[in-house]
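What follows is a single structure, written as structure tokens, with notes after it.
Naming: A, B, ... by sequence-line order, numbering from 1 per chain.
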2 protein chains.
Amino acid sequence: MAEITIKDVASLAGVSAATASRVLSGNPATSPGARARVAAAITELDYRPNAQARALRSTRSDSIGLLVSDVRNPFFADLAHTVEQAALSEGYVTLLGNANERKEQQDRYLDTLISRRVDGIIVAPLGDGSGSIASLIEREIPTVFVDRTVDGIDVPSVTTDSEAGIRQAVEHLSSVGHTRIGYISGPQATSTGRERFAAFTSAVADTGLSQDPELVYFGDFQAASGSAGVHALLDLDEPPTALLAADSLMAVGALAILHKRGLRIGTDIAMIAFDDVEWFALLNPALSVISHSVEDMGRLAVEMLLQVIAGGTPESVVLPSELIIRASSSSPISPSAGLRPRKN
Amino acid sequence: MAEITIKDVASLAGVSAATASRVLSGNPATSPGARARVAAAITELDYRPNAQARALRSTRSDSIGLLVSDVRNPFFADLAHTVEQAALSEGYVTLLGNANERKEQQDRYLDTLISRRVDGIIVAPLGDGSGSIASLIEREIPTVFVDRTVDGIDVPSVTTDSEAGIRQAVEHLSSVGHTRIGYISGPQATSTGRERFAAFTSAVADTGLSQDPELVYFGDFQAASGSAGVHALLDLDEPPTALLAADSLMAVGALAILHKRGLRIGTDIAMIAFDDVEWFALLNPALSVISHSVEDMGRLAVEMLLQVIAGGTPESVVLPSELIIRASSSSPISPSAGLRPRKN
DNA sequence: CTGAAAGCGCTTACAG
DNA sequence: CTGAAAGCGCTTACAG
């Protein structure tokens, strides 16, 4: 397939490549006649400028990278959607990468995005500041962190204040009589994993609930670890009467096992998940959640990234989180007998 | 930020840019000494080749585009995940675009992907073959359709045979006593929307159920239209006793309204959704679904695209679909009184 | 095995 | 307002 270049357009329009280029970029130093003939030639040839060549010369690509930690996580799917729409309305196209909660994949995508010379990168980072994250900073590539941050790496970020929501959840569970809350934690390699765990720990201490370390299971934010967590927690000698999962995917994994083991949610065991997902409200009983706004997060991240690209240094933003109480956690604690798996 | 180029690497290693380039690309015509010194220089400088410049010369970018119709649809999120993993293992990075079920956005992303000279494109197409889809074909850009096809556009595709699953669903609903099945259809601008609608129509006719045209509501595969569909169908003089939704997102919208109107799923009204989503099994009652393999679809699409890029012309593949009966549809039909919204 | 040179498709001072 | 020329960072025949 013979690629159509700006030269083809120029010669069909009877002008030089320079003039054709000026028309393409909306440079005012062009005559109406030239504009018209070039426009006609472009349509006639169905010409698409080679973005690679353009970026090579002009050192901007009108694209940004978005690296999420797991596309299958509804929270990040929603984030991808808002970021993409916001970027598009500002004339940027979004290249989406998926780290799949693995550091090697994060590094690989970051390298690719750097190589493609995106104008900026929004990333929900994983791990410490080593590897490609460090390269980002060294090269002064405009970067904004979303949802998560990395200790010691100073870039603007938009995150959620997990503390408030988790504290509300713990206090709420305590108020309906629970004393042993099982916590399915995110990985300590992520800032959200650490923050939420710390919030849980201090809330439990402040509320006077059991601080038994066995009540904490460390998962990886993906579904299977939520399932494993439920098994581990229910098999304790003194199992918890309530469960708090640090993200929606682990909650899904947890719910599956709870069902399989014949436990009635909201009756035999209370359950709350971090992250609101539309259909959590559709479960029966409806699932209580700690909610935060993914729309605000995505929109602000794009806004901030554009500021960084423009040379600014926007302030980081911390968004609120809030407990939404639904049926899965609102009943008073039931007799502990309920905790033994029923024989169906 | 001073970009580090291959010249910097070359001079630090004491070789020419040509030799540095050869080492970079693994060209065997290099001496061990040169290889070692270039490798050292690369590490020393943290050099990342400019993918734009490379692609400009070599006319391949080692990237593919994946254009899905809606990232927030779990089916497409899963598809994005499998495609990306499969592509990565073949050395390709995936640029993900999201048409958001809008033709203008599809065209915009397709233009961008063409401009960036991706080596090939996997697309779940929308609309007819006009606009950028036509450009794809004219330019002979390697393309594979997934999930959907476009009439009159002859490119290899991997799709699902919706017919079998829908027929099973209709027959199953009939066998438990339903005669009026409400169908929440996908948009007729998509091949899956048309095929599933046709399958429903013919299955209903063959099974001797009501062919009342009012029992069909045309949605757009997004959640809000599923909600609107339920309202419309339940407000009929003779409302259906069972509902079949043509995708998971419309099913979610439908379930929300069913709950809001106080209808007990599986008892007052039966429900089946096309597309299996992990948590559909967690609903109470668990949701019956028509299942097809997103993993196979993604893996095959990448495989086929690589064949097209290599100059081959792979055969299109049609994957099976199958009904999975769960509690939401397995009870015999209840007295029609159940259909009136309860007063809670 | 290696280097000098040309060229991929653009854009942008520089003259005019 | 327009064109000729240089150059963005690479790769690849072509000689040697």
Side-chain angles (χ1 to χ4, degrees), chain A residues 1-39 41-42 45-63 111-112 114-119 139 141, chain B residues 1-39 41-42 45-63 111-112 114-119 139 141:
Chain A
M1 51 182 158
E3 287 282 358
I4 291 148
T5 74
I6 199 168
K7 283 186 197 161
D8 301 314
V9 172
S11 66
L12 180 59
V15 297
S16 71
T19 296
S21 171
R22 290 189 189 98
V23 172
L24 252 326
S25 62
N27 188 319
T30 45
S31 66
R35 281 199 290 274
R37 276 173 297 140
V38 170
I42 287 170
L45 298 172
D46 191 28
Y47 167 69
R48 312 293 167 109
N50 183 324
Q52 323 260 21
R54 173 179 287 176
L56 191 56
R57 262 312 311 237
S58 60
T59 66
R60 49 173 300 179
S61 61
D62 291 320
S63 62
D111 284 353
T112 302
I114 294 174
S115 279
R116 300 200 152 247
R117 305 293 191 262
V118 291
D119 295 335
R139 288 161 185 269
I141 293 170
Chain B
M1 50 183 158
E3 287 282 359
I4 291 147
T5 74
I6 198 167
K7 283 185 194 160
D8 301 315
V9 172
S11 65
L12 180 59
V15 298
S16 70
T19 296
S21 171
R22 289 191 190 96
V23 173
L24 252 325
S25 62
N27 188 320
T30 45
S31 65
R35 281 199 289 273
R37 277 173 296 140
V38 169
I42 287 170
L45 298 172
D46 191 28
Y47 166 70
R48 312 294 167 105
N50 183 323
Q52 322 261 20
R54 174 179 287 176
L56 192 56
R57 261 313 310 234
S58 61
T59 67
R60 49 173 300 179
S61 62
D62 289 320
S63 62
D111 283 354
T112 303
I114 294 174
S115 278
R116 302 201 149 247
R117 304 294 191 262
V118 291
D119 295 336
R139 287 160 187 272
I141 294 171

Contact class for S21(A) vs. all strands (heavy atom < 4.0 Å): base, sugar-phosphate, or nothing?
base
Is it the case that R116(A) and S63(B) place a side-chain donor and acceptor less than 3.5 Å from each other?
yes
Donor-acceptor pair under 3.5 Å, R22(B) side chain vs dG3(C) base:
yes
To the side chain of A29(A), which of dC1(D), dA5(D), dG9(C) is closest?
dC1(D)
Check every strand shown and say whether P32(B) touches a base, only sugar-phosphate, or nothing at a heavy-atom separation below 4.0 Å.
nothing
Under a 3.5 Å limit for both distances, which nucleotide forms a Watson-Crick or G-U wobble pair with dA13(D), could you say?
none
Using a cut-off of strictly less than 4.0 Å, decide whether S16(B) has a side-chain nitrogen or oxygen near OP1 or OP2 of dG3(C).
yes
Closer than 4.0 Å, any side-chain N/O of T30(A) to the OP1 or OP2 of dC1(D)?
no
Can you tell which of dG9(C), dG3(C), dG9(D) lies closest to the side chain of V15(B)?
dG3(C)
Counting only Watson-Crick pairs (N1-N3 plus N6-O4 or O6-N4) and G-U wobbles (N1-O2, O6-N3), all under 3.5 Å, who is the partner of dA4(C)?
none
Taking the side chain of A34(B) as heavy atoms from C-beta outward, which of dG3(D), dT2(C), dG9(C) is closest to it?
dT2(C)
Atom CZ of R57(B) and atom P of dG7(C) are separated, to the nearest Å, by 9 Å
Ignoring backbone atoms, establish whether S31(A) has a side-chain N or O less than 4.0 Å from OP1 or OP2 of dC1(D).
no
Which part of the nucleic acid, if any, lies within contact of A55(B), taking any heavy atom under 4.0 Å across all strands shown: a base, the sugar-phosphate backbone alone, or nothing?
nothing
